[in-house]
Amino acid sequence: MINIVLFGKPGAGKGTQAEFLKEKYNLTHISTGDIFRYNLKNETELGKLARTFMDNGDLVPDDLTIKMLEDEVNKHPNTKGFLFDGFPRTNDQAIALDAFLETKKWNVTATIALEANDEILIQRLLERGKTSGRVDDQDEEKIRNRYQEYNEKTAPLIQYYNNQNKFYPVNGIGSISDITARLSAVIEGL
């Protein structure tokens, strides 16, 4: 089993690349964004609570995110592996993911980070916001707040996974096919 954490700031291309990687490596794609959107659209209790944080550009608290993720993973007991997109985002989430996977005798194989300049990513998100309907992609101040949250809470994961020799940075700028090739080279070298 191979379990990949796809890592990077909002707008780095995690969702786009996940689509290619899940097909190529027969992985179950677990997108916290998709899980959140499902809960928001269906106005579940967790979704309503998550909305209050997202609308302010804040990260959803760990306990909510972890509960949603565990429920989704448990729907796929016979998978060949997972591609985690947008999770973990904090050290506490990474520790919770490791503990949860251990209960199934699984582990994180690698964490691959799509790296890109903030200003390029902000423009990507503002463009996406024109068609996505996502409030958090339509306001530059909220986007910058998300990046501040990322820098404070998510960037420390680099050290967490480096300490386990599981962190692989990848240049996230270029054509979709070039980025996919870079990601594939990392995965095939594991």
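These numbers were taken from a predicted model, which means no experiment stands behind them.
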Side chains of [X] and [Y]: does their closest heavy-atom pair fall under 4.5 Å?
X	Y	result
Asp85	Gln17	no
Phe84	Thr32	no
Leu114	Leu183	yes
Thr109	Leu190	yes
Asp139	Val135	no
Leu157	Phe7	yes
Leu27	Thr79	no

Legend entry - same_hphob_cluster(Ile112, Phe167) at 4.5 Å side-chain heavy-atom cutoff: no

Determine, for [X] against [Y], whether the closest basic-nitrogen to carboxylate-oxygen distance falls under 4.0 angstrom.
X	Y	answer
Arg128	Asp137	yes
Asp63	Lys67	no
Glu141	Arg144	no

Look only at the side chain of [X] and the backbone of [Y], and say whether a donor-acceptor pair between them is shorter than 3.5 Å.
X	Y	value
Lys80	Ile2	no
Arg89	Thr154	no
Asp178	Gly174	no
Gln138	Gly129	yes
Lys14	Lys9	yes
Tyr147	Pro10	yes
Asn56	Thr52	yes
Asp58	Met54	no
Arg146	Asp136	yes

Inset, instruction - Go through the steps for Val5 and Tyr161 under the test side-chain contact (heavy atoms from CB on, under 4.5 Å), then give the verdict. - result: CA-CA 10 Å; Val5 172; Tyr161 286 111; 4.3 Å; yes

Measure the spacing between [atom1] of [X] and [atom2] of [Y] and express it to the nearest 0.5 Å.
X	Y	atom1	atom2	answer
Asn3	Thr28	CG	OG1	9.5 Å
Thr44	Arg51	OG1	CZ	10.5 Å
Gln93	Lys153	CD	NZ	10.0 Å
Phe82	Met1	CZ	CE	6.0 Å
Ile179	Phe20	CD1	CZ	10.0 Å
Ile95	Ile66	CD1	CD1	9.5 Å

Inset, instruction - Under the side chain to side chain donor-acceptor pair (under 3.5 Å) rule, what do Glu188 and Tyr25 come out as? Steps first, then yes or no, please. - result: CA-CA 10 Å; Glu188 290 165 16; Tyr25 299 102; 2.7 Å; yes

Legend entry - Residue from Asn107, Val108, Asp98 passing side chain to side chain contact (heavy atoms under 4.5 Å, CB included) with Gln164: Asp98

Nearest heavy-atom pair of [X] and [Y]: which atoms, and what distance?
X	Y	answer
Ala94	Pro88	N-CB, 3.4 Å
Ser184	Lys24	OG-NZ, 3.1 Å
Ser31	Arg37	OG-NH2, 4.4 Å
Leu121	Ala116	CD2-CB, 3.7 Å
Gly13	Arg124	N-NH1, 4.1 Å

Legend entry - Check against side chain to side chain donor-acceptor pair (under 3.5 Å), Gln148 and Glu152: CA-CA 6 Å; Gln148 183 65 30; Glu152 291 173 6; 2.6 Å; yes

Legend entry - Check against side-chain contact (heavy atoms from CB on, under 4.5 Å), Ile30 and Leu69: CA-CA 8 Å; Ile30 302 285; Leu69 179 102; 3.5 Å; yes

Inset, instruction - For the pair Ile122 and Glu140, evaluate side-chain contact (heavy atoms from CB on, under 4.5 Å) and give the outcome as yes or no after the intermediate values. - result: CA-CA 7 Å; Ile122 288 168; Glu140 187 171 333; 4.0 Å; yes

Inset, instruction - Give the intermediate values and the outcome of side chain to side chain donor-acceptor pair (under 3.5 Å) for residues Tyr168 and Asn162. - result: CA-CA 8 Å; Tyr168 301 86; Asn162 260 333; over 6 Å; no

Inset, instruction - Could you walk me through whether Glu45 and Lys48 pass salt bridge (Lys or Arg N to Asp or Glu O under 4.0 Å), step by step? - result: CA-CA 5 Å; Glu45 187 175 324; Lys48 289 177 187 176; over 6 Å; no

Inset, instruction - Could you go through the ring-ring contact (aromatic ring centres under 6.0 Å, His included) check for Trp106 and Phe100 one step at a time? - result: CA-CA 9 Å; Trp106 302 338; Phe100 174 66; 7.7 Å; no

Inset, instruction - Kindly determine whether Leu97 and Phe87 satisfy side-chain contact (heavy atoms from CB on, under 4.5 Å), including the steps that lead there. - result: CA-CA 9 Å; Leu97 178 62; Phe87 186 91; 3.8 Å; yes

Inset, instruction - Please lay out, stage by stage, how Asn74 and Glu70 fare under the test side chain to side chain donor-acceptor pair (under 3.5 Å). - result: CA-CA 6 Å; Asn74 285 329; Glu70 288 177 355; 5.9 Å; no

